[in-house]
Amino acid sequence: MNEVQSQIRQLCREKNAIIMAHYYQRPEIQEVADFIGDSLALAQKAQTTTADIIVMCGVHFMAETAAILCPNKKVLIPDATASCSLADSCQAADLKAWKQQHPEHIVVSYVNTSAAVKALTDVVVTSGNALKIVNRLPQDAKILFGPDRNLGRYINEQTGRNMDLWDGCCHVHNRFSASQLQTLKNQYPQALVLAHPECQKDIKDLADVIGSTAVLINYVKNNPQGQYIVMTADGVEYEIRSACPDVQLIGVGNACEYMHQHTLSKLLNCLQNESPRVTVDAQVATDALRPIAKMLEWSK
């Protein structure tokens, strides 16, 4: 642990702060974090932590979710401009207009959305629980799903649903190409392909395992030998290699630049100054809490 990391850990002890990091963070951020997880795990941890301060090393919507779940805690983010292409693709005013065009539909929103969008939503999902939650809805339900069309199509295929899909995507997962993957499969014929459901269909058609970052990581932990081609954003390698040093990971080298906006120096400044702080309008938070709470309850 370097000097900056030591200072960060000391401040956490002094201020009763917890550092929560997504798997896509830089390795040096994950090294200093108290808790590392995917979107679902981060939300669950925020709901139960006894810390006074939550520092969210993820993108902005993750900090908003923590602020909604923990209204009496101070939620910080090292770089307040760390956005998300998916969240940016679906604005609350546009979702409201879509809802008005389909008044009989249930709105299912991916967690990669702003608090204002969640406030217009009936239930929130993550990539780790989307299939489970959609399957809990009535079979004859009409559903609006957004904003990730690739995840939505995958859910439709797996459940036999015909959800109407918002036309958004994760810019990182969407730029993976099947030709790129096929080249890697030819080079490493024994390797298993791990793919996130935000990838396009032709990527998932070539995959051996499809799932959230946590699902992919746990699959390798349970099968800690061999070669794996990893079709998700850079960062998951840290957790896998920490637990399974003997596996060979073949990454494609696509990092989420928003996730990587957080650095150790920004994290240190964030703790020292207790800023930037993430807050959510009280009425928006009240309205957004309902679909988030439903997601957490249905994920048990």
Side-chain angles (χ1 to χ4, degrees), residues 20-25 30 33 35-46 58-59 61-62 65 84 86 108-112 123-136 145 148-159 161 169-170 172-174 176 181 184-185 191-244 247-252 254-256 259 292 295-300:
M20 298 171 57
H22 192 276
Y23 289 123
Y24 294 157
Q25 287 297 304
Q30 296 190 51
F35 182 82
I36 306 168
D38 61 3
S39 296
L40 175 60
L42 292 172
Q44 291 169 327
K45 183 65 175 179
V59 289
F61 77 79
M62 297 175 181
T65 299
C84 168
L86 263 174
V108 178
S109 290
Y110 196 23
V111 71
N112 298 45
V123 63
V124 172
V125 300
T126 71
S127 55
N129 62 24
L131 287 173
K132 180 177 182 179
I133 288 177
V134 170
N135 274 327
R136 285 197 60 159
F145 181 89
D148 192 287
R149 62 177 181 265
N150 294 321
L151 175 61
R153 287 170 183 162
Y154 178 69
I155 295 170
N156 277 342
E157 291 171 2
Q158 297 298 308
T159 64
R161 302 271 183 168
C169 66
C170 167
V172 176
H173 291 96
N174 206 56
F176 290 130
L181 175 55
L184 290 174
K185 284 173 65 69
L192 294 180
V193 177
L194 311 178
H196 195 281
E198 289 177 19
C199 292
Q200 297 186 69
K201 184 180 186 311
D202 53 4
I203 296 290
K204 294 193 284 281
D205 287 343
L206 294 170
D208 299 289
V209 181
I210 300 170
S212 67
T213 48
V215 167
L216 301 182
I217 289 168
N218 288 332
Y219 183 87
V220 180
K221 287 181 177 179
N222 291 327
N223 300 275
Q225 295 178 342
Q227 300 174 324
Y228 295 92
I229 300 172
V230 184
M231 305 300 287
T232 191
D234 287 355
V236 296
E237 297 88 350
Y238 174 82
E239 179 74 13
I240 294 174
R241 289 197 173 105
S242 297
C244 311
V247 303
Q248 182 180 2
L249 298 179
I250 303 146
V252 182
N254 273 352
C256 175
M259 289 283 189
I292 294 171
M295 172 194 75
L296 293 171
E297 177 63 28
W298 287 7
S299 297
K300 292 179 181 178

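- The salt bridge (charged side-chain N to carboxylate O under 4.0 Å, His left out) search around R153 returns none, not counting sequence neighbours.
- The side chain to side chain contact (heavy atoms under 4.5 Å, CB included) check on A46 picks up M20, I54, A66, C70, with sequence neighbours excluded.
- Residues S299 and N129 bring a donor and an acceptor atom of their side chains to less than 3.5 Å of each other.
- When the side chain to side chain contact (heavy atoms under 4.5 Å, CB included) test is applied to C169, the partners found at least two apart in sequence or on another chain are R149, N150, N174.
- Of all the heavy atoms in S39 and M62, the pair that sits closest is OG-CE, 3.6 Å.
- A search for salt bridge (charged side-chain N to carboxylate O under 4.0 Å, His left out) contacts involving K201 returns D205, not counting sequence neighbours.
- Shortest non-hydrogen contact noted between L40 and T126 is CB-OG1, 3.7 Å.
- Annotation: side chain of H22 is not in contact with side chain of I36 (no heavy-atom distance under 4.5 Å).
- Of the residues listed (N254, V220, L249), the one engaging V230 in a side chain to side chain contact (heavy atoms under 4.5 Å, CB included) is L249, and it is the only one.
- Looking at M295 and V125, their side chains never come closer than 4.5 Å, going by heavy atoms from C-beta outward.
- Nearest heavy-atom pair, V59 versus C84, reported as atom, atom and distance to 0.1 Å: CG2-CB, 4.2 Å.
- To the nearest 0.5 angstrom, Q248 atom CD is 11.5 Å from Y228 atom OH.
- Pairs of residues two or more places apart, or lying in two chains, that qualify as side chain to side chain donor-acceptor pair (under 3.5 Å) and include a residue from residues 231-240 are Y24-T232, H173-T232, K221-E239.
- In plain terms, the two heavy atoms of P197 and S212 that are nearest each other are CD-N, 4.1 Å.
- Nearest approach of H196 to S127, heavy atoms of both residues: NE2-OG, 3.4 Å.
- Taken to the nearest 0.5 Å, the CG atom of L131 stands 14.5 Å off from the CZ atom of R136.
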### Task
In sequence, state the C-alpha distance, the side-chain angles, and the governing distance for E198 and N112, and then conclude on side chain to side chain contact (heavy atoms under 4.5 Å, CB included).
CA-CA 11 Å; E198 289 177 19; N112 298 45; 4.1 Å; yes

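- Distance check, rounded to the nearest 0.5 Å: CG of L216 to CD1 of I210 gives 9.5 Å.
- Residues satisfying the salt bridge (charged side-chain N to carboxylate O under 4.0 Å, His left out) test with D202, not counting sequence neighbours, are none.
- Closest non-hydrogen pair, V124 versus V111, comes out as CG1-CA, 3.7 Å.
- In this structure, CD1 on I292 lies 10.5 Å from OG on S109, to the nearest 0.5 angstrom.
- Using modelled atom types, no side-chain atom of R161 and backbone atom of G152 make a donor-acceptor pair closer than 3.5 Å.
- Here the OG1 atom belonging to T159 is positioned 6.0 Å from the CG atom belonging to N135, to the nearest 0.5 angstrom.
- A donor-acceptor distance shorter than 3.5 angstrom exists from the side chain of Q30 to the backbone of Q25, with no hydrogens or angles considered.
- Rounded to the nearest 0.5 angstrom, Y110 OH and C170 SG are separated by 8.0 Å.
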### Derivation and outcome, side chain to side chain contact (heavy atoms under 4.5 Å, CB included), residues Y219 and L192
CA-CA 11 Å; Y219 183 87; L192 294 180; 3.7 Å; yes

### Query
Hey, mind stepping through F35 and L42 against side chain to side chain contact (heavy atoms under 4.5 Å, CB included) and telling me if it holds?
CA-CA 8 Å; F35 182 82; L42 292 172; 3.9 Å; yes

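- Between W298 and K132 there is no side-chain heavy-atom pair separated by less than 4.5 Å.
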#### Entry: L194 and I229: CA distance, side-chain angles, deciding distance, side chain to side chain contact (heavy atoms under 4.5 Å, CB included) verdict
CA-CA 6 Å; L194 311 178; I229 300 172; over 6 Å; no

